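Step one of this worksheet: look at the structure below.
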There are 2 protein chains.
Amino acid sequence: MKKLPTIEDVAKKAKVSIATVSRVINKKDKVSKKTTARIESVIEELDYQPSFIARGLSIRKTFTIGVIMEDVVNPFFSQIVKGIGEVLQNNGYFMLLTNSEFNSNNEKKLTQLLIKQNVDGIIIAPINNDSESLRILKENEVLFFAVNCRADINGFDYISTDNLLGGYIGTKYLIEQGYEKIMYIRGTDDQPSLDKLEGFKKAIIESGLKVKDQIIIGKAKTYDDGKRIIENFIKKNGIKSIPEAIFTANDHSALGVMRVLNDFNLRIPQDISILGYDDIDESGLMNISLSTIRQEKYKMGEIAANELLMKIRNKEENVAKQILIKPVLVIRNSVISKK
Amino acid sequence: MKKLPTIEDVAKKAKVSIATVSRVINKKDKVSKKTTARIESVIEELDYQPSFIARGLSIRKTFTIGVIMEDVVNPFFSQIVKGIGEVLQNNGYFMLLTNSEFNSNNEKKLTQLLIKQNVDGIIIAPINNDSESLRILKENEVLFFAVNCRADINGFDYISTDNLLGGYIGTKYLIEQGYEKIMYIRGTDDQPSLDKLEGFKKAIIESGLKVKDQIIIGKAKTYDDGKRIIENFIKKNGIKSIPEAIFTANDHSALGVMRVLNDFNLRIPQDISILGYDDIDESGLMNISLSTIRQEKYKMGEIAANELLMKIRNKEENVAKQILIKPVLVIRNSVISKK
DNA sequence: TTGTACGCGTTATCAA
DNA sequence: TTGATAACGCGTACAA
């Protein structure tokens with residue numbers, strides 16, 4: 001690795017002090033036009049680039065934001081990452097991307113590492129609401145913003161889809177299509193999943209149906225989870241005990257379920273209607289495209305990054321900013337009206 | 001942001017010099033058990049974490065690797081990123097992830113920024129072989145490793161799929177199934193795409209067929225590209241002029257093509273066989289699952305990261321390491337034998 | 001075994 | 001308008 005020219009090299013060559021060089025770089029104090037020109041030409045000549053980390057040490061800012069995601073490959077999260085990355089890049093910030101792999105221990109270690117790394121702020125998709133990472137961030141007074149996480153109690157900033165509403169409108173939609181018995185394939189125990197389930201129940205009750213008449217199984221997060229869970233259900237209860245409508249807590253599991261149903265020669269939506277959640281890109285691709293509840297993933301990333309940068313810039317201690325985005329029902333062709 | 005305790009705080013509280021504290025942290029020189037214990041307890045007590053950037057300035061290492069990808073959301077790249085990220089994380093390195101968005105100008109700026117940021121090395125998926133970024137990296141003697149890029153001439157280290165072979169075996173396979181007229185939907189002008197096309201031509205010629213009898217169109221990179229290109233072709237030449245076999249340079253376009261064929265009531269594979277390239281997760285999901293050429297994306301990321309770390313650690317100037325991974329034909333059910 | 005003091009590359013404060 | 005020089009937080013020769 002070649003040693004990069006330093007501010008001192010520039011200063012020597014331009015026959016000025018490093019202070020003066022620093023001034024022309026930061027365009028703050030006045031430097032005579034003559035010397036400015038001379039210094040600038042030397043900078044050009046040496047292809048001098050000020051070192052960010054040296055500057056960081058001096059002004060206590062690294063222009064780096066740590067990002068902790070649960071799984072980058074998952075399109076849901078990678079869309080969020082893209083939104084974050086674009087905003088940061090456009091604002092001259094770096095993104096230090098890390099992966100918690102849905103593991104709380106990793107998550108904790110990563111937040112500590114990022115703090116050691118002196119990031120200017122952190123965007124985190126927390127595994128759960130009472131995650132220790134969140135506590136550490138609060139304790140160290142690190143500026144952070146949470147994504148895909150709703151926790152009004154703790155009073156930290158977050159952005160998330162209104163998943164209670166999402167679960168609700170999805171279920172309502174199925175009921176309106178004439179279904180009275182629905183299989184709900186639930187997600188894990190994180191707040192978004194719990195909210196969706198809550199929304200499901202709310203819609204059921206509100207429509208005069210009974211929760212106990214519905215089939216709630218899970219917990220599914222991936223394509224394989226979806227496959228496994230529905231396969232087990234069929235093995236245990238027989239293919240006929242699957243109701244005519246299935247609502248899953250995420251598109252990935254829905255795709256897995258569809259695959260199994262297809263193998264059993266059940267047609268979608270003629271035999272069984274299926275509704276997903278998330279609206280990942282893949283849901284709309286195939287011949288049977290998945291109706292689903294859309295989450296604004298990219299937008300969540302964008303907003304999280306923008307809000308965090310605002311916090312960093314205006315140091316004012318403002319009240320907690322808690323943002324819920326309304327989900328939207330996307331009707332494709334995996335659900336058919338029963339009426 | 002709370003001010004974190006420094007090594008000096010620890011030193012004062014433990015009534016030793018900062019040098020001694022530094023020693024127990026880095027476990028190098030000998031420190032008496034007594035003082036070691038005392039210092040460690042103070043560290044614990046203050047929850048002291050050495051600042052990476054201060055250390056970085058001192059030892060000229062940031063334990064940070066810059067990564068320049070073309071598009072993080074694209075599953076092909078996000079798998080690579082995951083491979084890279086995991087290796088780096090396990091080795092105590094950070095990943096500074098950036099997105100060139102297939103734009104050479106961005107790419108150039110990003111490499112300069114990463115250099116300014118004093119990264120210890122860079123992993124780049126270059127947009128093309130004679131990219132200026134590559135020149136800059138060479139010039140500044142930055143340690144780097146390229147992914148998804150083959151360029152024997154310039155003599156830099158890279159890992160890529162042997163795409164010439166991939167294009168070849170895919171085409172061979174279709175020919176073996178009895179197809180003599182194949183539509184090849186090509187990728188862009190980057191080296192991988194050119195190699196695939198070369199492989200396609202090689203197989204055609206080797207089989208006694210003629211390249212001019214085949215239909216080569218493109219350039220496709222995305223799902224929408226695939227849709228658009230096949231739609232335009234149909235509009236221009238009529239649906240009947242589509243040959244019975246299509247080979248696409250990537251799975252995304254294949255999915256787009258499949259979607260259009262489906263809308264025209266053409267069945268896959270009964271009416272038209274289709275072969276993809278990449279083997280992204282989505283290809284195997286649906287009822288008609290895509291036969292394809294597999295690229296080891298995750299593995300490429302892993303290897304690139306490992307090799308780069310080796311270069312960083314053993315400073316020896318070793319010869320260029322140029323790695324080609326053999327692609328594998330994955331047979332699912334989108335191609336049918338004509339015989 | 002421990003401490004002093006310098007260097008890493010900047011910014012910022014004060015004098016000149 | 002410019003220049004010394006002290007931070008910033010850490011590692012490390014060298015001295016003690």
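Quantities reported herein were computed from a predicted structural model and do not represent experimental measurements. Proteins get letters first, then strands, A, B, ... in listed order; numbering begins at 1 in each.
- Note on B:Phe52: nothing from the nucleic acid sits closer than 4.0 angstrom, heavy atoms only.
- B:Asp9 places no side-chain N or O within donor-acceptor distance of the main-chain N or O of B:Pro5, the cut-off being under 3.5 Å.
- Within the structure, every side-chain polar atom (N or O) of A:Thr6 is placed at least 4.0 Å from both OP1 and OP2 of C:dG9.
- With hydrogens and angles ignored, a donor-acceptor pair under 3.5 angstrom links the side chain of B:Ser58 to the base of C:dG7.
- Each of B:Ile123, B:Val147, B:Asn74, B:Leu97 was scored for a side-chain contact (heavy atoms from CB on, under 4.5 Å) with B:Val81, with one residue passing: B:Leu97.
- Ranked by how close their nearest DNA chain C nucleotide is to the 5' end, B:Ile59 and B:Ile18 are led by B:Ile18.
- Considering only heavy atoms from C-beta on, B:Ile124 comes within 4.5 Å of B:Phe144 through its side chain.
- Residues of residues 114-122 of chain B having a heavy atom closer than 4.0 Å to DNA chain C: none are found.
- Under 4.0 angstrom from either OP1 or OP2 of C:dG3 there lies at least one side-chain N or O belonging to B:Thr20.
- At a cut-off of 3.5 angstrom, the base of C:dG7 holds no donor-acceptor pair with the side chain of B:Arg60.
- Phosphate contact (OP1/OP2 of D:dG9, side-chain N/O of B:Lys3, threshold under 4.0 Å): present.
- Across the interface with DNA chain C, nearest-nucleotide mapping of A:Ala19 and A:Leu4 shows A:Leu4 to be the residue nearer the 5′ end.
- The residue from A:Lys27, A:Lys34, A:Arg23 that alone fulfils the salt bridge (Lys or Arg N to Asp or Glu O under 4.0 Å) condition with A:Glu40 is A:Lys27.
- Closest contact between the side chain of B:Ser22 and the listed nucleotides D:dG11, C:dG3, C:dT11 involves D:dG11.
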